[in-house]
Amino acid sequence: MTAFPSNPSAPPVERQRESKLPLLEKPLYLLPAFGLMLTFVVIPTAVTIAIGFTDWELGLPDFSFIGFENYTELFTNPDYRKSLFNTLMLNCFVVPTSLGISLALALAINSLSRFQGFWQTVFFLPVTTSLVAMSIVWRWMLHPQFGLVNRLLEMVGLQSVNWLNNQSTVLFAIGCISIWQLVGYYMVLFLAGLIAIPKNLYEAAKVDGASSSIDRFIHVTWPMLGPTSLFVFVIVVIKSFQIFDTVKVLTQGDPNKASEIMLYTLYSEGFQFFRMGIASAVATVFFVIMLLLTLYQMRMFERHVHY
């Protein structure tokens, strides 16, 4: 049935009433989305924050309100502070390295005239694998005596390294595994941004004197990749803070808590020691850090992003 437009000759009051009808119907369409968000996001978040102010232990019916004692313990206990420090150090390595490698791969594949689909598939395959299963494979590859990585080091005249039992290398090894798994995903996002750049911009840049590929990247590619780069940067930070599977399978926070990060601390406190109060406090601190980092990224980088 064809919908006829509003009568232009109708009185202003009737035309205003007709224009407001869709606005009255919109809340009804949004009710399912609001219901799902309330059930699976807002209420669990509020309950987690509330539990963080209690001494509840899993399996015990009684608990009491203890105020900020859990948060005081988090910031005064050296183990918890080390977990926070390890998380930040891991992100300082994973985030820039992931961005640099994924952008370089996207530029290289986008410049190819043939086999683009093949190389996209090759680098995207780790994204589709189970990280728990691949962590077991990486455990053998990083074995201090029989691992493939140490064998390759010995072939080029370098000494073998005990990657997972050395406090100075364990975070580096975990970060490399995370980069290996997700760099293909970030590469695909950058490729989508590169494909969307109009080709006539490069032709205009050549006319204006940007003869080299570096000049075209600085003056055309990078500015036009601004929105994509901002999105990828936010995703990389979120994903790097969510590293858990590798630590759980390979190190479980060892050696001497050198690889313990915030998510593993949350898991161990809540589901190994059943201290749900302190685990909820860790989750709340983790949530606040992620929220502040995301808001900071959006505020800082959008100043340099042109849509």
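In this chain, numbering begins with 1 at the start of the sequence shown.
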Check: Are there more than 12 heavy atoms of other residues, nucleotides or ligands under 6.0 Å from atom CE of M290?
Finding: yes

Next item on the list: Return yes when atom CD1 of I214 has more than 12 non-hydrogen atoms of other residues, nucleotides or ligands closer than 6.0 Å, and no otherwise.
Entry: no

Item checked: Any side-chain heavy-atom pair of V137 and M134 under 4.5 Å -> yes

Notebook entry, point to check: With K239, which residues qualify under salt bridge (charged side-chain N to carboxylate O under 4.0 Å, His left out), at least two apart?
Noted result: none

Notebook entry, point to check: Under the criterion side-chain hydrogen bond (donor to acceptor under 3.5 Å, both in side chains), which of T251, N150, T169 is the partner of W163?
Noted result: N150

Note to self: Taking the side chain as everything from C-beta on, heavy atoms only, tell me whether P126 gets closer than 4.5 Å to Y185.
What the structure shows: no

Notebook entry, point to check: Can you tell me how far the CD atom of E57 sits from the CD atom of E269, to the nearest 0.5 Å?
Noted result: 10.5 Å

Margin query: Is it true that S83 and E260 share a donor-acceptor pair across their side chains at a distance under 3.5 Å?
Written below: no

Next item on the list: Looking only at non-hydrogen atoms, find the nearest pair between A281 and N70 and report the distance.
Entry: CB-CB, 3.8 Å

Next item on the list: Output the distance between atom CG (L38) and atom CZ (F40), rounded to the nearest 0.5 Å.
Entry: 10.5 Å

Notebook entry, point to check: How far apart are the closest heavy atoms of K82 and K257, and which atoms are they?
Noted result: CE-O, 3.7 Å

Item checked: Side-chain heavy-atom pair L263, I243 within 4.5 angstrom cut-off -> no

Next item on the list: Report, as yes or no, whether the 6.0 Å neighbourhood of atom CD on Q159 holds more than 12 heavy atoms from other residues, nucleotides or ligands.
Entry: no

Check: Does N256 reach the main-chain N or O of A258 with its side chain, forming a donor-acceptor pair under 3.5 Å?
Finding: no

Next item on the list: Enter the distance from S160:OG to L153:CG here, rounded to the nearest 0.5 Å.
Entry: 8.0 Å

Next item on the list: For atom CZ of F65, decide whether the heavy atoms of other residues, nucleotides or ligands shown that lie under 6.0 angstrom number more than 12.
Entry: yes

Notebook entry, point to check: To the nearest 0.5 Å, how far apart are CG in L74 and CG in D79?
Noted result: 11.5 Å

Notebook entry, point to check: Could you walk me through whether F53 and I49 pass the side chain to side chain contact (heavy atoms under 4.5 Å, CB included) check?
Noted result: CA-CA 7 Å; F53 294 100; I49 295 174; 4.0 Å; yes

Next item on the list: With side chain to side chain contact (heavy atoms under 4.5 Å, CB included) as the test, would you mind laying out the steps for F244 and Y264 before giving the verdict?
Entry: CA-CA 6 Å; F244 169 76; Y264 187 78; 3.8 Å; yes

Notebook entry, point to check: According to the interplanar angle, ranging from 0 to 90°, do the rings of Y71 and F68 count as parallel (below 30°), tilted (30 to 60°) or perpendicular (above 60°)?
Noted result: tilted

Checklist line | Contact check, side chains of E73 and R275, non-hydrogen atoms, under 4.5 Å | finding: yes

Next item on the list: Decide if atom OH of Y202 counts as having more than 12 heavy atoms of other residues, nucleotides or ligands within a radius under 6.0 Å.
Entry: yes

Notebook entry, point to check: Where do S135 and L250 come nearest, in terms of heavy atoms and distance?
Noted result: O-CD2, 3.0 Å

Note to self: Show, in sequence, the C-alpha distance, side-chain angles and deciding distance for T128 and F124, and conclude whether the side chain to side chain contact (heavy atoms under 4.5 Å, CB included) test is met.
What the structure shows: CA-CA 7 Å; T128 64; F124 192 79; 3.8 Å; yes

Notebook entry, point to check: Does F241 reach the side chain of T87, with side-chain heavy atoms less than 4.5 Å apart?
Noted result: yes

Notebook entry, point to check: Looking only at heavy atoms, what is the nearest atom pair of A205 and R216, with distance?
Noted result: CB-CG, 4.5 Å

Next item on the list: Please work out whether the ring planes of W180 and W138 are parallel, tilted or perpendicular, with thresholds of 30° and 60°.
Entry: perpendicular

Could you give the side-chain donor-acceptor pairs of residues 97-109 under 3.5 Å, partners two or more places apart or in another chain?
unit_1	atom_1	unit_2	atom_2	d
T97	OG1	F93	O	2.7
S98	OG	V94	O	2.7
S102	OG	S98	O	2.7
S102	OG	L99	O	3.1

Next item on the list: Check V95 against V236 and note the closest heavy-atom contact, atom names and distance.
Entry: CA-CG1, 3.7 Å

Margin query: Using every non-hydrogen atom in the two residues, find where G184 and V127 come nearest and quote the distance to one decimal.
Written below: C-CG2, 4.2 Å

Margin query: Checking L152 against L148 for the side chain to side chain contact (heavy atoms under 4.5 Å, CB included) test, could you report, in this order, the C-alpha distance in whole Å, the side-chain angles of both residues, the deciding distance, and whether it holds?
Written below: CA-CA 6 Å; L152 294 176; L148 176 63; 4.3 Å; yes

